[in-house]
Structure formats: structure tokens, C-alpha cells
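Reading through the C-alpha cells given below for one structure.
Every value quoted in this text rests on a predicted model; they were computed, and no experiment measured them. Letters A, B, ... are given to chains in the order of the sequence lines, protein chains preceding strands, and every chain is numbered from 1.
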Number of protein chains: 2
Amino acid sequence: MSDAPQPALPRMTRQRAAVLVALESSEDFLSAQQWHESLRDHGSAIGLATVYRTLQALAETGEVDAVRDAAGEVLYRRCGNRTRHHHHLRCRECGAAVEIEGPGVEEWASGIGERYGYSHVEHMIELTGLCRRCTTKEG
Amino acid sequence: MSDAPQPALPRMTRQRAAVLVALESSEDFLSAQQWHESLRDHGSAIGLATVYRTLQALAETGEVDAVRDAAGEVLYRRCGNRTRHHHHLRCRECGAAVEIEGPGVEEWASGIGERYGYSHVEHMIELTGLCRRCTTKEG
DNA sequence: CACCTTTTTGACAATGATTATCATTTGCTT
DNA sequence: AAGCAAATGATAATCATTGTCAAAAAGGTG
Ligand SMILES: [Zn+2]
Ligand SMILES: [Zn+2]
Ligand SMILES: [Zn+2]
Ligand SMILES: [Zn+2]
């Protein structure tokens with residue numbers, strides 16, 4: 001019984017299983033196109049549109065986290081903490097990321113909303129930097 | 001002496017002056033295309049590419065703030081506080097926004113970097129909600 | 001002002017990530 | 001096995017943003 005992760009999608013297909021396996025294999029944030037390339041490189045025949053659709057569906061169910069890089073492209077990676085709301089500290093160079101929880105920021109964010117009379121306040125917080133490895137390689 | 005704001009660009013042109021005036025006329029975050037439309041509507045003959053270039057140049061000098069909305073489009077508005085680093089609380093409906101300073105968040109963000117061994121850490125924090133007016137209109 | 005050099009403009013084409021189409025295939029239930 | 005709804009994928013379409021480049025304008029100089 002090779003453990004194929006449980007999806008949150010109506011039907012399991014060869015393609016979806018492949019995406020789920022791929023997601024398990026890396027801790028990095030990659031774009032839909034990069035995931036597609038990776039899947040192809042590892043022998044999975046799968047269409048680009050399917051990769052886009054699957055990642056988006058998984059993002060909606062919370063199985064994967066989606067962020068936007070500086071260029072505006074959307075990056076995905078499996079979520080390592082679906083129980084609590086969190087943010088990320090991602091490496092601009094290689095995509096490696098860690099999930100961070102900040103009770104303080106959450107309170108700060110919601111507090112700001114009330115102060116200015118805004119309702120339904122949401123926040124978008126993403127930290128980027130160079131991970132230890134990439135810091136060593138570069139300057 | 002109609003006060004035309006001082007640019008941070010090599011040469012002052014009719015188009016740039018028009019963009020600067022337009023920026024002064026609204027507190028809302030609008031996309032390059034929306035600014036272009038607004039300029040045209042107010043009688044300024046100006047090319048779309050020029051609006052893009054001008055807003056980008058102004059964003060680099062810090063004269064305008066640029067953020068990305070949920071759809072990934074870039075929105076601009078004149079910066080009301082060029083002296084200090086800040087973030088925004090923007091209305092998802094109409095673009096109205098206020099600038100917010102948070103010494104607390106800044107420290108939190110930089111602290112996270114050290115904790116996980118990331119260097120050159122940068123942060124992206126944007127709050128969105130519904131302003132008082134839009135909250136009244138909608139639900 | 002007339003001239004010169006550099007920057008800017010803008011109509012238009014090109015880019016590129018993402019989305020829409022839609023005929024074909026497939027998962028799953030009966 | 002049959003039937004139906006969901007999923008796939010090759011392809012075209014979308015659309016914000018960027019690139020091109022000849023023509024126009026800015027600013028300095030004498
Ligand atoms: Zn997560
Ligand atoms: Zn790295
Ligand atoms: Zn500002
Ligand atoms: Zn509003």
C-alpha cells in the first residue's frame with residue numbers, strides 16, 4: 001500500500017495523484033509551470049492546464065499554499081500546517097520556505113481595521129529573504 | 001501659480017505634469033489603465049505606455065506607492081508619507097486607502113528572519129477591507 | 001531665437017502567465 | 001457492461017504589461 005495522499009477533489013485521477021506526489025517531494029514554492037516541468041521530467045505525462053487546475057483546486061481546499069512572487073507569478077507548495085492560519089518566510093533564490101505563526105501580527109492587523117473603520121479586513125503578509133544555503137552561495 | 005508638484009524625473013513634460021496632477025486629485029489606489037482612463041476622461045491626451053512608464057518611474061523614486069491587488073494587477077496612488085516606511089489598509093471595492101505605520105510589525109518581521117537563518121529579509125504587508133462608505137452600500 | 005543632443009512619446013506589436021474551449025477520455029456508480 | 005458527470009489536454013483566447021522605433025518635444029547654448 002503505497003501511500004497516495006488523500007485529495008479533496010471529487011475524483012482521483014492518475015494526474016492528480018502525480019501532482020500530490022510531486023508536492024510531497026519538495027518543500028519549495030514553485031510556479032504551476034515549474035511543477036509541470038518537474039512532473040514531466042519525472043516521467044508523468046500531464047497537461048499544463050491540468051496542473052494549473054489541480055493546484056488551484058488544492059489551494060482552495062487549503063492543501064497547498066499559494067503566494068505571489070515579486071514578478072506577480074503565483075507559487076505553490078504543499079501546506080505543512082492546515083490547522084492554523086499562518087504566513088511564510090520564503091527564499092527569493094530557491095523557493096525554500098518555512099511557515100510562521102504570529103499571534104501578534106494577527107491581532108495587530110485586525111486592530112488596524114477597527115481603528116480606521118474598515119470592515120471585513122484581510123491581511124496579506126509574506127516575508128522573503130535568502131535562506132542559509134543561498135546566502136552562502138551568493139554574497 | 002497653480003502648483004505643479006515637483007517630479008523626480010529628468011524632464012518635465014505635459015504628460016508627466018498631467019499624471020502628477022491626476023495623482024493629486026485622488027486618494028485611491030488605481031491601476032495604470034484606470035489612471036489612463038481617468039486622464040483621458042479629463043481631457044488629457046496621453047498614451048497608455050506613457051502612463052505605465054511614468055507611474056513606474058514615480059514608484060521607484062517613492063513618489064507613489066504600488067501594491068498588487070488579489071487579481072495580481074498593480075495599483076498606484078501618490079504616497080502621503082515619503083519620510084517613513086509604511087503599509088496600507090485599502091478598500092477592495094473603491095480603492096480608498098490609508099497609510100499605516102507599525103513599529104511593532106517591522107520589528108516582528110526582521111526578527112523572524114534571524115530566527116530562521118534568512119538574510120536580506122524583506123516584507124510585504126498589505127491590509128484590505130471595505131471602507132466605511134462601501135460597507136454601508138453593500139452588506 | 002535657431003540649433004543640437006538627449007529624452008520622451010505613442011501607436012503598435014510582442015510577451016507571457018493564466019484562462020477558456022470543447023471534443024475526447026476516464027472515474028465511478030448501478 | 002452501461003451511463004453519466006467530471007476530468008483531461010491540445011489549442012486558442014485573454015489581457016496586463018513590456019518592447020520597438022520613428023517622430024516629437026525638452027532643455028541647454030550662444
Ligand atoms: Zn501552509
Ligand atoms: Zn535559498
Ligand atoms: Zn506611501
Ligand atoms: Zn470603499
[X] has an atom [atom1]; how far is it from atom [atom2] of [N], in whole Å?
X        : N       : atom1 : atom2 : result
Arg68(A) : dA16(D) : CZ    : C1'   : 12 Å
Tyr52(A) : dG16(C) : OH    : P     : 13 Å
Gln15(A) : dA6(D)  : CD    : P     : 17 Å
Leu9(A)  : dC28(C) : CG    : P     : 12 Å
Leu55(A) : dG9(D)  : CG    : P     : 13 Å
Gln56(B) : dA16(D) : CD    : P     : 15 Å
Leu48(A) : dA7(D)  : CG    : P     : 18 Å
Glu73(A) : dC15(D) : CD    : P     : 19 Å

Both Arg40(B) and Thr13(A) contact DNA chain C. Taking the nearest nucleotide for each, which residue is further toward the 5' end?
Arg40(B)
What about Arg53(A): does its side chain form a donor-acceptor pair under 3.5 Å with the base of dG9(D)?
yes
Base of dG28(D), side chain of Arg11(B) - is there a donor-acceptor contact under 3.5 Å?
no
As an exercise, state the distance from CG of Leu75(A) to CD of Glu126(A), rounded to the nearest 0.5 Å.
9.5 Å
Arg16(A) side chain near dT8(D) phosphate (N/O to OP1/OP2, under 4.0 Å):
yes
Is the backbone of [Y] close enough, under 3.5 Å, to the side chain of [X] for a donor and an acceptor to pair up by distance?
X        : Y        : result
Arg14(A) : Ser44(A) : no
Ser26(B) : Leu23(B) : no
Arg82(B) : Val64(B) : no

